[in-house]
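Remarks on the structure that follows.
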Amino acid sequence: MRAWNRAKLLWAYLTRRDAVNALPVEYIVETTAKCNIYCPMCPRETFKQPKEDMTGEIFNRLVRETGRSAEHMMLIGLGEPLLDRAIFDRIEYCERHNIHTLLSTNGTLLNDAAIEKLLASPLAHITLSFDGSTKESFEFYRKGAKFEPVRDNFIRFARRKKELGRGPQVVVQMVRMEGNAHEVDDFMRFWKAIPGVDEVRVKEDETNLMRPDAGHTGDEWKHPCHYLWRGAMYVKWNGDVYPCCQSYMLEGSPVGNVGRQSMPEIFDGQPMREMRRLHTQGRAGEIPICARCCTTIPHPALVAGSLILHGATVRSLLPWVERAIYFAKLPKRWLNPPKRQTPPAPRPELVQISGAAASDSADSAPRESDRSLP
């Protein structure tokens with residue numbers, strides 16, 4: 001069923017169809033909107049979030065409806081997953097439906113008890129977010145988190161995984177920004193030496209908060225955005241569904257609500273079809289959220305590869321692909337990162353894409369995502 005679902009998505013993407021008789025391979029599911037630290041690059045500091053968790057009813061309905069096609073669920077969003085008291089039950093529920101899961105944590109709550117529960121769970125991947133290799137840069141970007149305790153939590157988690165010989169794929173990730181870009185080499189060197197760490201990832205900043213002049217220009221829309229076919233779709237704590245995580249961060253409207261509509265109705269609904277139509281016509285820049293997006297647009301060959309392979313495999317390979325993108329500098333025809341515009345390029349007339357069933361509870365809430373490292 002999953003392979004057939006991917007085949008239908010691939011056919012719809014390659015033939016540039018706006019109607020899709022399939023479901024996304026991946027989802028980003030915000031099980032909680034609560035967070036315990038402040039990060040200046042995080043959209044939750046612009047869109048203030050309520051202290052709410054996703055209800056079991058909404059979460060279970062999403063998993064049941066997508067269980068025969070979904071391959072990977074990232075149980076993250078604008079909150080810290082370990083603040084969700086039901087997070088381990090949700091991981092188990094996904095496992096019962098053969099859906100791989102991923103968490104991303106800021107590490108402040110990664111105590112011994114949490115480490116043992118995570119390593120005993122069927123969690124497939126975990127991203128340990130650590131934005132800097134010095135106390136100064138880390139605590140600037142992760143206000144409320146302390147450099148040494150979080151570093152030690154991550155080291156202890158990785159080493160415990162190594163001792164047990166089981167557990168999720170462990171990726172230590174730094175988002176590269178102006179204040180920590182000079183620390184990349186030290187960051188890579190330190191975390192590669194820690195037993196139990198599978199990958200060290202340096203990720204480009206894909207928010208507009210630290211670089212508001214970024215976005216895609218008209219000549220970058222040669223290829224349509226794969227998110228509209230493959231996913232990952234972004235599901236907020238209240239059930240509101242967005243085409244991707246960026247669309248919420250850029251003040252887009254939800255395209256439906258999983259608490260009131262089925263996922264097939266949402267994914268093949270009019271708002272999604274209209275966005276796909278504009279993308280296939282090279283007019284994505286007319287969509288406000290797409291015009292301001294900072295996410296790389298991959299070549300169709302890479303998208304095809306991501307649909308030939310199982311979603312969990314793709315997720316495992318992602319750090320290697322991004323390393324090729326940002327360090328090996330693959331040809332522009334393969335990857336199309338957004339450009340910094342100085343001055344901002346003129347935009348065509350914008351087309352408003354709104355959900356037929358936009359949530360009447362849509363919050364203007366926000367998101368999460370004493371020495372140098374020895």
Side-chain angles (χ1 to χ4, degrees), residues 26-39 42-67 70 72-97 99-111 113-118 120-129 142 144-145 168 232-242 244-245 247-249 254-263 266 357-369:
E26 293 189 349
Y27 296 85
I28 298 173
V29 185
E30 184 182 86
T31 68
T32 183
K34 296 181 291 191
C35 193
N36 58 343
I37 66 173
Y38 162 77
C39 304
C42 179
R44 70 173 294 116
E45 310 311 333
T46 300
F47 305 97
K48 297 304 175 186
Q49 299 295 309
K51 296 180 179 180
E52 298 285 352
D53 296 333
M54 179 178 283
T55 66
E57 179 183 1
I58 289 177
F59 182 82
N60 292 349
R61 176 174 176 173
L62 171 65
V63 173
R64 286 195 306 269
E65 286 190 354
T66 63
H72 209 277
M73 282 195 177
M74 293 161 269
L75 306 183
I76 56 178
L78 299 191
E80 165 54 45
L82 293 181
L83 285 171
D84 176 10
R85 294 182 180 181
I87 192 63
F88 295 103
D89 293 334
R90 301 191 203 269
I91 294 170
E92 293 283 352
Y93 193 70
C94 287
E95 177 68 13
R96 292 202 295 272
H97 288 79
I99 300 173
H100 291 248
T101 49
L102 173 147
L103 292 186
S104 178
T105 179
N106 61 37
T108 57
L109 304 175
L110 200 59
N111 55 27
I115 288 172
E116 295 301 324
K117 290 188 75 173
L118 283 169
S121 77
L123 182 70
H125 306 268
I126 188 167
T127 297
L128 309 178
S129 299
R142 296 266 164 175
M233 292 196 90
Y234 184 53
V235 184
K236 286 287 292 174
W237 68 272
N238 61 357
D240 283 346
V241 181
Y242 294 80
C244 64
C245 62
S247 57
Y248 173 77
M249 317 310 174
V255 293
N257 184 286
V258 75
R260 297 190 293 271
Q261 300 162 272
S262 71
M263 187 54 69
I266 296 171
S359 169
D360 48 6
S361 63
D363 49 88
S364 54
R367 146 188 125 178
E368 192 238 104
S369 138

Under 3.5 Å, side chain of [X] to main-chain N/O of [Y], donor-acceptor pair present?
X     : Y     : answer
Asn60 : Gly56 : yes
Arg44 : Ala33 : yes
Glu95 : Ile91 : no

Is the closest side-chain heavy-atom distance between [X] and [Y] below 4.5 Å?
X      : Y      : answer
Thr101 : Met74  : no
Leu75  : Leu123 : no
Met249 : Tyr242 : no
Met233 : Cys244 : no
Asp53  : Trp237 : no
Ile115 : Leu110 : yes

Nearest 0.5 Å, please: how far is [atom2] in [Y] from [atom1] in [X]?
X     : Y      : atom1 : atom2 : answer
Thr66 : Tyr27  : OG1   : OH    : 4.5 Å
Arg64 : Ser262 : CZ    : OG    : 13.0 Å
Ile28 : Cys245 : CD1   : SG    : 4.0 Å
Glu30 : Lys236 : CD    : NZ    : 3.0 Å
Ile58 : Arg260 : CD1   : CZ    : 9.0 Å

Checklist entry - Does the side chain to side chain contact (heavy atoms under 4.5 Å, CB included) test come out yes or no for Leu103 and Thr127, once each step is laid out? => result CA-CA 6 Å; Leu103 292 186; Thr127 297; over 6 Å; no

Checklist entry - Does the distance from a Lys or Arg side-chain N to an Asp or Glu carboxylate O, for Arg61 and Glu65, drop under 4.0 Å? => result yes

What heavy-atom pair brings [X] and [Y] nearest, and what distance separates the two atoms?
X      : Y      : answer
Ile76  : Pro81  : CG2-CG, 4.1 Å
Asp240 : Pro254 : CB-CB, 4.0 Å
Cys35  : Gly79  : CB-CA, 4.3 Å
Tyr234 : Gly77  : OH-CA, 3.7 Å
Leu82  : Phe88  : CD2-CZ, 4.5 Å
Arg142 : Cys39  : CD-SG, 3.9 Å

Next on the checklist: Which residue in the set Asn36, Thr108, Thr105 passes side-chain hydrogen bond (donor to acceptor under 3.5 Å, both in side chains) when paired with Glu80?
Outcome noted: Thr105

Next on the checklist: Once ring pair (Phe, Tyr, Trp, His ring centres under 6.0 Å) is applied, do any residues pair with Tyr93, and if so which ones, sequence neighbours excluded?
Outcome noted: His97

Next on the checklist: Go through it in stages, so that I can follow the logic: the residues are Met54 and Val235, the test is side chain to side chain contact (heavy atoms under 4.5 Å, CB included), and I'd like the CA-CA distance, side-chain angles, deciding distance and then a yes or no.
Outcome noted: CA-CA 10 Å; Met54 179 178 283; Val235 184; 3.9 Å; yes

Item to check | Verdict with supporting geometry, Leu102 and Met73, side chain to side chain contact (heavy atoms under 4.5 Å, CB included) | outcome: CA-CA 6 Å; Leu102 173 147; Met73 282 195 177; over 6 Å; no

Checklist entry - Where do Thr55 and Phe59 land on the side chain to side chain contact (heavy atoms under 4.5 Å, CB included) test, with the steps shown first? => result CA-CA 6 Å; Thr55 66; Phe59 182 82; over 6 Å; no

Next on the checklist: Among residues at least two apart in sequence or on other chains, which ones pass side chain to side chain donor-acceptor pair (under 3.5 Å) with Thr31?
Outcome noted: Asp84

Next on the checklist: Does either side chain, that of Glu52 or that of Thr32, offer a donor lying less than 3.5 Å from an acceptor on the other one?
Outcome noted: no

